[in-house]
Amino acid sequence: MPELPEVETMRRGILPILGSRIENVVQPPCKLRPILMEPKIRSFAKKTIGRQIVRVGRRGKRVMIELEDANTIVIEPRMTGLVLLADPPGWDHLRLQFDLQDGETEQLLFWDRRGLGTIRLLTPAQIRSTIDARLGIDALDIEADQLREKLGRSRREIKVALLDQSAVAGIGNLYAAEILFLAGVDPRCRCDRLTGPQWIRIHHHISEVLQDAIAHEGSTLSDGTYRNALNDPGGYQNCHRVYDREGKPCPRCHDGVIRRIVQTQRSTFFCPVCQRKSGLHASIPPNPRSQR
DNA sequence: CATATGTCCTGAGAGC
DNA sequence: TGCTCTCAGGACATAT
């Protein structure tokens with residue numbers, strides 16, 4: 001789950017670690033395969049213990065914890081990873097524990113049920129070669145013309161392209177569906193066939209949906225996995241208009257029924273009435289919610 | 001059995 | 001032909 005809004009919620013939730021010093025790094029007794037970390041725990045601990053945390057940032061779906069020596073702990077929650085200050089959902093899937101001192105909080109925990117998440121300690125040069133080189137502009141920072149410049153010539157379907165982290169960083173499967181619904185754009189439409197107004201609407205709803213989701217502290221889906229840094233669920237799942245709502249009436253037109261299709265092996269949800277192929281139909285008003 | 005939010009890699013095919 | 005783009009599929013691991 002963690003897409004940009006969930007990772008941003010985690011980032012904000014762990015801000016109390018700012019200024020703390022890392023006292024110890026331990027892998028709790030957990031019989032599962034150890035978390036993928038670079039370097040391995042021994043060396044990782046040696047390079048981080050005693051260092052002060054000077055910045056807590058985010059790049060796309062990654063949490064970036066910068067230390068005083070400019071090295072950065074990069075946490076990638078992937079499917080089920082959580083970053084918490086205390087009280088994880090269960091102790092059996094706790095993967096890494098940071099003990100902290102001289103700050104407002106005593107621990108930083110990484111919990112991950114599936115264990116696909118990663119934790120890396122990167123030098124500024126490694127940040128440049130791995131993060132900067134691989135990730136596009138953050139979805140909250142990208143301008144409309146940059147978005148079109150990045151994707152406008154692609155022959156890919158727009159829903160597929162929005163998931164490409166090297167184009168725009170932070171949008172995942174759930175929010176791509178919500179964004180295209182509000183923009184009134186068919187998720188199957190090729191990028192190079194989208195019109196100027198459609199690009200404007202997509203850009204507008206990228207920031208609108210993501211900001212809105214952050215305000216609700218992200219989406220906790222039916223499996224209940226996602227939690228904020230205090231192990232509380234998010235609230236944006238109650239605002240979903242199309243995601244995981246196959247067969248339900250469209251919340252905008254009430255005529256269409258939400259459909260589920262598969263694009264590049266992942267589910268896409270949309271309203272076949274509100275979201276039709278470009279150019280052939282009248283455009284949808286950019287912000288239907290403000291109409292009343 | 002199929003389903004699930006993310007990412008990384010390889011290999012194959014399409015199209016300019 | 002060569003280059004670039006794109007996608008399928010597998011891998012990671014676990015639960016419903």
Side-chain angles (χ1 to χ4, degrees), chain A residues 1-10 30-38 58-63 74-83 88-96 110-120 122 129-131 133-136 138-139 150-179 187-193 209-210 213 216-228 233-234 236-237 239-240 242-247 260-269:
Chain A
M1 34 203 69
E3 304 182 22
L4 186 150
E6 290 75 27
V7 177
E8 175 63 16
T9 302
M10 291 177 196
C30 145
K31 18 202 173 297
L32 311 167
R33 157 186 161 280
I35 189 68
L36 177 57
M37 56 190 301
E38 272 177 32
R58 181 188 56 75
R59 287 288 303 270
K61 303 171 189 172
R62 294 145 166 87
V63 176
V74 180
I75 303 180
E76 246 185 86
R78 302 234 179 143
M79 302 285 269
T80 53
L82 297 180
V83 179
W91 295 99
D92 42 345
H93 297 293
L94 186 62
R95 308 282 177 158
L96 199 64
F110 184 68
W111 180 95
D112 189 353
R113 180 160 51 73
R114 284 174 68 176
L116 302 179
T118 69
I119 298 185
R120 287 173 296 166
L122 300 183
S129 64
T130 66
I131 308 288
R134 283 185 148 105
L135 290 188
D138 196 87
K150 276 278 186 185
L151 297 178
R153 270 167 263 101
S154 171
R155 285 184 299 273
R156 283 179 295 182
E157 297 172 328
I158 179 62
K159 152 67 163 40
V160 175
L162 285 179
L163 297 184
D164 179 354
Q165 302 300 298
S166 70
V168 187
I171 300 170
N173 202 47
L174 188 167
Y175 292 105
E178 296 294 318
I179 288 162
R188 298 163 297 186
C189 189
R190 279 170 50 157
C191 290
D192 59 0
R193 305 238 171 101
V209 166
L210 297 180
H216 287 81
E217 301 205 293
S219 301
T220 297
L221 303 185
S222 50
D223 72 357
T225 300
Y226 167 71
R227 303 280 161 168
N228 68 15
Y236 194 69
Q237 63 279 5
C239 307
H240 294 173
V242 291
Y243 181 77
D244 203 19
R245 296 179 61 82
E246 182 182 18
R260 173 186 176 271
I261 59 173
V262 174
Q263 292 176 287
T264 62
Q265 302 158 294
R266 330 191 51 186
S267 295
T268 299
F269 299 90

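Since we're looking at a predicted model, the values are computed, not measured. Residue numbering restarts at 1 for every chain, and letters A, B, ... go by the order of the sequence lines.
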Below 3.5 Å between N/O atoms, which protein atoms pair up with nucleotides 7-10 of chain B? Just atom names and distances, please.
from	atom 1	to	atom 2	distance (Å)
B/dT7	OP2	A/Lys61	NZ	2.9
B/dC8	OP1	A/Arg62	NH2	3.2
B/dC9	OP2	A/Arg134	NH2	3.0

message: For the P atoms, the ones on C/dT6 and on B/dT5, what distance do you get once it is rounded to whole angstrom?
response: 22 Å
task: Check whether any side-chain nitrogen or oxygen of A/Thr80 sits under 4.0 Å from OP1 or OP2 of C/dT14, and answer yes or no.
output: no
Side chain of A/Tyr243 - closest among C/dT14, B/dT5, C/dA8: B/dT5
message: Can you measure A/Arg113 atom CZ to B/dT3 atom C1' for me and round it to whole angstrom units?
response: 12 Å
task: For the pair A/Asp164 and A/Lys150, find out whether any cationic side-chain nitrogen is under 4.0 Å from an anionic carboxylate oxygen.
output: no
Test item: A/Phe269 and A/Asn173 side chains (from C-beta on) under 4.5 Å apart, heavy atoms: no
Assigned partner base of B/dT5, Watson-Crick or wobble definition, under 3.5 Å: none
Salt bridge A/Arg58-A/Asp138, side-chain N to carboxylate O under 4.0 Å: yes
task: Please round to the nearest 0.5 Å and tell me the distance separating atom CD of A/Glu157 and atom CZ of A/Arg190.
output: 9.5 Å
query: What nucleic acid atoms does A/Ser154 come within less than 4.0 Å of, heavy atoms only: base, sugar-phosphate, or nothing?
result: sugar-phosphate
message: What is the distance, to the nearest angstrom, from the CZ atom on A/Arg156 to the P atom on C/dA8?
response: 12 Å
- request: Identify, between A/Asn173 and A/Arg155, the residue whose nearest nucleotide on DNA chain B lies closer to the 5' end.
  value: A/Asn173
field: Length of the line joining A/Gln265:CD and B/dT5:C1', which is rounded to integer Å
entry: 15 Å
Between B/dT5 (C1') and A/Tyr175 (OH): distance, integer Å: 10 Å
- request: With heavy atoms under 4.0 Å as the rule, sort A/Leu116 into base, sugar-phosphate or nothing.
  value: base
message: Check this for me, if you would: do A/Arg62 and A/Glu76 make a salt bridge, where the nitrogen-to-carboxylate-oxygen distance has to be below 4.0 angstrom?
response: yes
query: Going by heavy atoms in the side chains, are A/Val74 and A/Thr130 under 4.5 Å from each other?
result: no
- request: Return the value, rounded to whole Å, for the distance between atom CZ of A/Arg95 and atom C1' of C/dC12.
  value: 11 Å
message: Rounding to an integer number of Å, can you tell me how far A/Leu174 CG sits from B/dT3 C1'?
response: 15 Å
task: Classify the nucleic acid contact of A/Arg260 as base, sugar-phosphate or nothing, counting any heavy atom under 4.0 Å across all strands shown.
output: sugar-phosphate
Nearest-angstrom distance, P atom, C/dG9 to B/dA2: 13 Å
message: Is it the case that the side chains of A/Glu6 and A/Tyr175 hold a donor-acceptor pair, with the cut-off being a distance below 3.5 Å and no angle test?
response: yes
task: Using atom CG of A/Asp112 as one end and atom P of B/dG6 as the other, report the distance to the nearest whole Å.
output: 14 Å
- prompt: Taking atom P of B/dG6 as reference, at what distance in whole Å does atom CD1 of A/Ile75 sit?
  reply: 18 Å
